[in-house]
Amino acid sequence: MQGAVKTDKIRELAQWIADSAYTVVLTGAGCSVDAGIPDFRSPEGWWRKIDPMKVATVDALENNYPLSWEFYHDRIKHLDTVKPHPGHYVLARLEERGKLQLVATQNVDGLHQMAGNRHVAELHGSIRSFRCHSCLRAATREQFMAKEPCPACGGKLRPNVVLFGELLPEDAWSRAMDAVRQAELVIVIGTSLQVYPVNQLPSMTRGKTALLNKEETGEEHRFDLFIPGRAAPLLTEIGEALENLRP
Ligand code: BV8
């Protein structure tokens with residue numbers, strides 16, 4: 001995209017944010033890539049190396065625990081080296097100023113909260129907390145990372161993520177649906193929108209919709225505005241454009 005056109009689109013989105021009384025941001029793995037976390041479906045994404053249906057499913061957890069455990073163990077270990085990128089802090093500042101009412105995220109890395117957002121709905125759960133798959137008792141990171149069995153029942157320990165075929169957390173899902181339904185603006189950042197039911201959220205709003213994504217996903221036509229690019233620099237430019245708008 002030409003520089004001038006992109007600048008105009010960034011200014012337009014900044015104006016929409018300034019004018020909106022209720023804004024929701026929906027993020028996917030692409031929003032964490034600039035913090036150093038691979039996404040799922042890009043060429044260098046996690047799923048390119050392993051089939052998600054082999055590791056992020058209940059069947060994998062129950063019948064192929066070593067592979068499923070290793071997939072999450074490696075991602076959790078990697079998180080120790082990761083911190084929010086500047087774009088995450090732009091979203092936190094928007095919330096501080098009352099210009100962002102909810103971040104609904106498919107990401108399980110906790111980076112939005114680390115950057116300071118307090119209103120976050122984790123639609124696919126979190127890899128920062130753990131439980132026993134059998135008796136549901138809470139477990140510690142140390143117990144999971146040491147591949148220990150549940151101390152209470154001997155069951156398999158797992159992170160509190162939503163695996164394929166599992167229901168989304170009721171509270172997070174209903175918060176996200178309610179927020180999107182009343183939003184005047186929904187900004188979708190870094191997601192291929194391939195996973196149901198989260199991919200239904202953008203169509204649930206009567207408000208304006210914008211998609212910020214490194215590449216076209218085939219869903220652009222559903223959005224009022226599409227800005228191709230990386231999340232961190234785009235969000236930084238949007239933050240700067242908002243500063244220039246301020247009275
Ligand atoms: C459910 C675990 C009810 C946590 C994940 C057949 C047809 C349709 C649907 C289904 C079907 N069969 C089954 C289903 C339902 C299924 C589903 O949608 N399957 C799809 C894949 C076919 N969904 C479910 O099972 C959900 N539950 O439906 O419950 C139910 C219950 C029982 C039975 C039936 C129904 C549960 C879904 C949650 C699954 N868990 N992960 C974890 O390990 O992280 S999903 C996984 O994909 C991650 O959570 C991830 O967040 C999610 C979505 O991926 P994205 O975030 O979009 O990431 P992706 O790599 O795909 O895209 C990144 C984008 O960013 C790319 O476009 C890229 O270009 C861009 N990008 C890259 N870098 C940057 C960037 N953009 C900007 N800047 C950058 N720097």
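Everything numeric here is computed off the predicted structure, so don't read it as measured data. Residue numbers run from 1 in the order of the sequence given. Just follow the structure's listing: the first ligand is 1, and inside any ligand the first atom is 1.
For atom 31 (C) of ligand 1, the candidate residues are Gly165, Gly28, Ala29; the nearest heavy-atom contact is made by Gly165. In this comparison of Gln106, Glu216, Glu215, His85, the heavy atom closest to atom 53 (C) of ligand 1 sits on Gln106. Here the shortest heavy-atom distance to atom 55 (P) of ligand 1, taken over Thr191, Leu163, Ile227, Val33, belongs to Thr191. For atom 76 (N) of ligand 1, the nearest non-hydrogen atom from the set Arg230, Lys214, His124 comes from Lys214. The option from Tyr196, Phe40, Trp173 that lies nearest to atom 50 (C) of ligand 1, judged by heavy atoms, is Phe40. Between Phe71, Phe164, Tyr72, it is Phe164 that holds the heavy atom closest to atom 19 (N) of ligand 1.
The closest approach between any non-hydrogen atom of Ala232 and ligand 1 is not below 4.0 Å.
Only the side chain of Val108 comes within 4.0 Å of ligand 1, judged by heavy-atom distances. Contacts between Glu166 and ligand 1, counted as non-hydrogen atom pairs separated by less than 4.0 Å, involve the backbone only.
No side-chain donor-acceptor contact under 3.5 Å links Ser192 and Thr217. Of the N and O atoms on the side chains of Gln113 and Glu122, at least one donor lies less than 3.5 Å from an acceptor on the other residue.
A search for side-chain contact (heavy atoms from CB on, under 4.5 Å) contacts involving Lys83 returns nothing, not counting sequence neighbours. Every residue was checked against the salt bridge (charged side-chain N to carboxylate O under 4.0 Å, His left out) condition with Arg131, not counting sequence neighbours, and none meets it.
Between Val162 and ligand 1, a contact under 3.5 Å exists for at least one N or O pair.
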